[in-house]
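The block underneath contains the structure these notes are about, expressed in structure tokens.
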There are 2 protein chains.
Amino acid sequence: MTVRIDDVDRKILSELQRDASQSLDEIARKVGSSKTPVWNRIRKLRQGGVIGRQTVILDAESLGFEACFFVLIRTSEHDAVWQASFLEALQNRPEVQEAHRLAGDIDYILKVRVKNARAYDVFYQALISEVRVHNVTALLSMEEIKSTTMLPLED
Amino acid sequence: MTVRIDDVDRKILSELQRDASQSLDEIARKVGSSKTPVWNRIRKLRQGGVIGRQTVILDAESLGFEACFFVLIRTSEHDAVWQASFLEALQNRPEVQEAHRLAGDIDYILKVRVKNARAYDVFYQALISEVRVHNVTALLSMEEIKSTTMLPLED
DNA sequence: GTTGAAAACGTCTTTCC
DNA sequence: GGAAAGACGTTTTCAAC
């Protein structure tokens, strides 16, 4: 169930990720087409799951989220039950913004956004009491140099 | 120049990050207010930089971005010139979705989204030819368990 | 600070080429 | 598949309370 994506689709997606508040007319002009075909393509891409949530990016600092940690996790348990409970714990914690299962030596990496170091400790204590992990390393971000959700669609 | 944010603002922001395509009426109803005041608050939050870009989240896999790496970087150079050139290199590379300067042992972490392992190698070779780095470790994501830009505003 | 109304604008559908 | 047009809803402004 894969959607076929051509160059015009890619241009539309590129515009939408740059600024999702643009009007159809504006997008149509930029991609060299007109309202109806652009609208049909967007609908197709939405239905195909290529276009997901429409959202606004908020400024974390203004809202008091002043600490960001990358957490490297090693575990000794690799069975399905453990994995399911770990996964659920991550999904339920809103401070976890990203979670990836990794290849190699380190098993998981998390990106955790919290108000301050104390809030991270609360998170950490809660997590290790819920699921067994072998080894945890927290990397504290001093400065967010770059942060984007944009995919580079124009090659 | 900090914007004061109250509970109503937080509810509005929360709704906007959940679904930025909602109408003013809908948001107003949910936060227990009406169109005009909600509109004025949103404008204030936008001007104050609390609300940033409005975007759509695209499905990386559908678009052929099948590899995601977290890159841990150690450097021996810490002078301002080196840092500026490193920063610029990261800003100019669209495959770098996140870049943080860290406290401690590891100096930087990047999140790099590419089409495949070969594309990562191209990126890596280009980066180390542009700026001197002491040590680089790449962590390959096998599975994106969670990925969100939402901040937990309701405490 | 809220309400309500009006004008401008955008979306989505339908019809025709 | 694309253009045009229309019905409908939304945004934005403004005047009154």
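Keep in mind that this is a model prediction, so the values were computed, not measured. Residue numbers begin at 1 in each chain, while the letters A, B, ... track the order of the sequences.
Residues forming a side chain to side chain donor-acceptor pair (under 3.5 Å) with B:D25 (at least two apart in sequence, or on another chain): none. Partners of B:P37 by side chain to side chain contact (heavy atoms under 4.5 Å, CB included), not counting sequence neighbours, listed by chain and number: B:S33, B:S34. Every residue two or more places apart in sequence or in another chain that forms a side chain to side chain contact (heavy atoms under 4.5 Å, CB included) with B:D7 is listed here: B:R10. With sequence neighbours excluded, the residues forming a side chain to side chain contact (heavy atoms under 4.5 Å, CB included) with A:D107 are A:R74, A:T75, A:H78, listed by chain and number.
Between the side chain of A:T148 and the backbone N or O of B:Q97 there is no donor-acceptor pair closer than 3.5 Å.
Rounded to whole Å, atom P of D:dT11 lies 11 Å from atom CG of B:L16. Per the geometry, CH2 belonging to A:W39 stands 15 Å off P belonging to C:dT15, to the nearest Å. Put simply, CG on A:D25 is 17 Å from P on C:dA8, counting in whole angstrom units. Atoms CZ (B:R29) and C1' (D:dT10) sit 15 Å apart, rounded to a whole Å. One interatomic measurement links the two molecules: CG of B:L24 to C1' of C:dT3, which rounds to 15 Å at whole-angstrom precision. We find that CD of A:E26 is positioned 19 Å from P of C:dA8, with the value rounded to whole Å. Remark: P of D:dT11 and CD of A:Q22 are 17 Å apart, rounded to the nearest angstrom. To the nearest angstrom, P of D:dT11 lies 13 Å from CD1 of B:I12.
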Distance-only donor-acceptor pairs under 3.5 Å for side chains of residues 138-147 of chain B, two or more places apart:
{"residue": "B:S141", "atom": "OG", "partner": "A:H100", "partner atom": "ND1", "Å": "2.8"}
{"residue": "B:S141", "atom": "OG", "partner": "B:E143", "partner atom": "N", "Å": "3.4"}
{"residue": "B:E143", "atom": "OE1", "partner": "A:R101", "partner atom": "NE", "Å": "2.8"}
{"residue": "B:E143", "atom": "OE1", "partner": "A:R101", "partner atom": "NH2", "Å": "3.2"}
{"residue": "B:E144", "atom": "OE1", "partner": "B:R113", "partner atom": "NH1", "Å": "3.4"}
{"residue": "B:E144", "atom": "OE1", "partner": "B:R113", "partner atom": "NH2", "Å": "2.9"}
{"residue": "B:K146", "atom": "NZ", "partner": "A:L90", "partner atom": "O", "Å": "3.0"}
{"residue": "B:K146", "atom": "NZ", "partner": "A:Q91", "partner atom": "O", "Å": "3.3"}
{"residue": "B:K146", "atom": "NZ", "partner": "A:R93", "partner atom": "O", "Å": "2.9"}
{"residue": "B:K146", "atom": "NZ", "partner": "A:V96", "partner atom": "O", "Å": "3.3"}

* **Footprint string (nucleotides 1-8 of chain D, 5' to 3'): B base within contact, S backbone only, - free, heavy atoms under 4.0 Å** => -SBB----
